[in-house]
Enquirer: 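Take a look at this one; I'll ask things after.
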Amino acid sequence: MLRTVIIDSDPEAQGALRRLLAASPAVAVVGEFGSLQESMAEAAARRPDLVIAEVPVRPGEADLGRGTKAMESLVRAVPDAAIFATGPALPAEAVIQLMRAGAIEVLTRPVEREALLGALDKVLRLRRSAAPARQAGRIVSVFSTKGGLGVTTMASNLAVCLAEHAPERVALIDLDTRQSDIATHLNLRPTYSVLDALESLDRLDESFLQGLMVKHPSGLLVLPGPTRIERAQLGGEQVRVALDSIRAHFAHVVIDLRHDLDGGTIAALEASDTIFFLTSLDVCTLRSSAAGLAAFRHLGLNLQRVQVVVMREDTAEDVTLKHARDTLGVAVSWKTPSDYPAVVASINSGQPVVSAAPRSRIARNLRQLAATLLPPPASRRGAAALARLLWTPKGSTGD
């Protein structure tokens with residue numbers, strides 16, 4: 001996304017540029033000014049990627065001293081931005097002067113659509129070739145068909161554990177339109193919510209995201225649900241586009257999902273690399289979970305990405321893990337202990353249990369689960385590779 005500032009003394013020309021740019025999904029106009037002098041103080045604060053500036057040059061003017069000085073001043077004010085100069089039709093020598101002063105394109109006024117789109121394409125290609133390739137982050141979703149199983153507790157604690165290994169590279173998203181439990185669990189006072197992100201998909205670049213998110217002391221960046229109950233439904237395409245953008249800026253994205261299989265939830269499940277599907281050892285919950293997994297199959301979700309987690313396993317009396325496997329038709333991947341006092345105390349204090357009670361059974365368990373989402377240390381990978389090279393089974397030729 002190109003954050004763009006327009007500088008033009010003619011309101012009609014300024015409006016025409018704005019309308020032309022609105023047709024490009026790769027552009028977001030973040031500022032408009034009537035003169036170079038007016039823009040100098042504020043343009044840099046908008047952190048533009050592109051500035052389209054009217055250069056003070058009169059038709060037929062031989063000396064471009066004023067124009068080149070203005071361009072040089074603009075380059076100093078926004079050194080990281082690409083600059084398009086707009087002005088009257090100029091001879092080739094004058095265009096070269098402006099480009100030497102810092103403009104990467106000189107567009108004749110009135111700016112035509114084809115010329116502007118061609119210049120934008122040039123900037124986008126330059127940015128793609130210059131930008132280092134960044135591997136898309138992994139998405140981990142936490143889901144259950146019923147409330148009360150600890151979805152928010154697990155999501156927030158897993159995210160905090162991951163953030164301790166990669167500060168500011170882990171995002172926690174509360175993908176719900178009901179009042180945010182994550183804000184309570186982590187004692188946050190958010191200004192914005194996930195709804196603000198989903199309503200601004202055309203501006204969802206890294207800097208805009210950072211402005212919406214709340215930073216937790218662990219280094220975790222949080223996009224919470226709304227602070228009040230909202231009736232809005234999250235559209236599947238909205239969520240799909242947002243997650244594609246968000247995962248490009250983070251190593252891990254952890255999503256706290258609502259319990260309904262609405263369009264937004266399904267889109268998040270489809271985008272997830274790992275789905276922690278929470279259940280418990282009681283008949284009512286197992287039946288609901290079995291129905292949920294059947295819906296997953298019907299939707300064509302890849303069940304290999306689903307890890308069934310039995311919550312509070314040691315509180316069961318009549319229902320066993322074997323009953324759970326038989327009812328669900330899939331293996332149980334993880335079990336958590338019941339540690340009600342530690343969990344409730346952590347929620348009441350607004351701290352994740354892995355920080356509030358690090359020696360508790362549940363904290364140790366959740367840290368172990370988070371470790372399964374991390375790549376092995378490089379030294380361990382190297383040792384394993386060396387062992388494979390050196391060790392040859394008896395009777396093998398080693399070929």
Side-chain angles (χ1 to χ4, degrees), residues 1-132 202-203 205-208 210-211:
M1 184 72 68
L2 293 174
R3 296 171 58 85
T4 302
V5 165
I6 300 172
I7 304 172
D8 203 300
S9 62
D10 183 349
E12 289 188 12
Q14 194 176 108
L17 274 173
R18 188 191 323 113
R19 289 189 292 274
L20 288 174
L21 293 170
S24 173
V27 175
V29 176
V30 296
E32 297 181 47
F33 303 95
S35 68
L36 284 168
Q37 292 74 20
E38 179 190 348
S39 71
M40 286 302 175
E42 293 190 44
R46 309 294 174 92
R47 295 175 310 199
D49 303 304
L50 172 65
V51 177
I52 304 176
E54 176 193 11
V55 177
V57 178
R58 298 187 185 91
E61 187 174 7
D63 182 10
L64 291 184
R66 284 194 314 137
T68 55
K69 285 181 181 178
M71 184 59 57
E72 289 166 356
S73 298
L74 188 56
V75 169
R76 286 193 295 271
V78 285
D80 298 324
I83 299 174
F84 294 170
T86 69
L90 296 171
E93 296 81 2
V95 171
I96 290 172
Q97 286 183 49
L98 288 173
M99 295 184 78
R100 283 176 176 167
I104 70 165
E105 287 286 344
V106 179
L107 304 173
T108 302
R109 297 164 64 89
V111 177
E112 295 183 353
R113 180 178 181 275
E114 290 74 14
L116 180 59
L117 293 180
L120 288 173
D121 183 62
K122 176 181 176 180
V123 173
L124 290 167
R125 282 188 282 107
L126 287 171
R127 281 167 60 90
R128 283 195 293 267
S129 62
D202 58 334
R203 302 173 59 195
D205 60 6
E206 187 167 13
S207 59
F208 186 72
Q210 295 273 354

Enquirer: Give the intermediate values and the outcome of side chain to side chain contact (heavy atoms under 4.5 Å, CB included) for residues V29 and I6.
Expert: CA-CA 8 Å; V29 176; I6 300 172; 4.3 Å; yes
Enquirer: Mind checking whether I52 and L116 have side chains closer than 4.5 Å, heavy atoms only?
Expert: yes
Enquirer: Using the side chain to side chain contact (heavy atoms under 4.5 Å, CB included) rule, take F84 and L120 through it: C-alpha gap first, then chi angles, then the decisive distance, then the call.
Expert: CA-CA 9 Å; F84 294 170; L120 288 173; 4.1 Å; yes
Enquirer: Which atom names give the shortest non-hydrogen contact between L20 and V111, and what distance separates them?
Expert: CD1-O, 3.8 Å
Enquirer: Within this structure, what is the CG-CG distance for the pair L124 and L50, rounded to the nearest 0.5 Å?
Expert: 9.0 Å
Enquirer: Run the numbers on F33 and V5 for side chain to side chain contact (heavy atoms under 4.5 Å, CB included), then give the verdict.
Expert: CA-CA 8 Å; F33 303 95; V5 165; 3.7 Å; yes
Enquirer: List the atom of P88, the atom of T108, and the distance in Å for their closest heavy-atom pair.
Expert: C-CG2, 4.2 Å
Enquirer: Does atom CD (E72) have a neighbourhood of more than 12 heavy atoms from anything else shown, all under 6.0 Å?
Expert: yes
Enquirer: Is any side-chain heavy atom of V51 closer than 4.5 Å to a side-chain heavy atom of T4?
Expert: no
Enquirer: Closest approach of S9 and P11, non-hydrogen atoms and distance?
Expert: O-CD, 3.4 Å
Enquirer: With the side chain counted from C-beta on, respond yes when E32 and L17 share a heavy-atom pair under 4.5 Å apart, and no when they do not.
Expert: no
Enquirer: Which atom pair, heavy atoms only, marks the closest approach of R109 to A13?
Expert: NH2-CB, 3.7 Å
Enquirer: Would a 4.5 Å heavy-atom cut-off, applied to side chains only, mark V30 and R47 as touching?
Expert: no
Enquirer: Side chains of E54 and T86: is there a donor and an acceptor less than 3.5 Å apart?
Expert: no
Enquirer: So does M71 get a backbone contact from the side chain of S73, meaning a donor-acceptor N/O pair under 3.5 Å?
Expert: no
Enquirer: Please round to the nearest 0.5 Å and tell me the distance separating atom OG of S24 and atom CG of L2.
Expert: 7.5 Å
Enquirer: Which atom names give the shortest non-hydrogen contact between A101 and T68, and what distance separates them?
Expert: CB-O, 3.9 Å
Enquirer: Hey, mind stepping through V55 and V106 against side chain to side chain contact (heavy atoms under 4.5 Å, CB included) and telling me if it holds?
Expert: CA-CA 9 Å; V55 177; V106 179; over 6 Å; no
Enquirer: Using every non-hydrogen atom in the two residues, find where A81 and P48 come nearest and quote the distance to one decimal.
Expert: CB-O, 3.4 Å
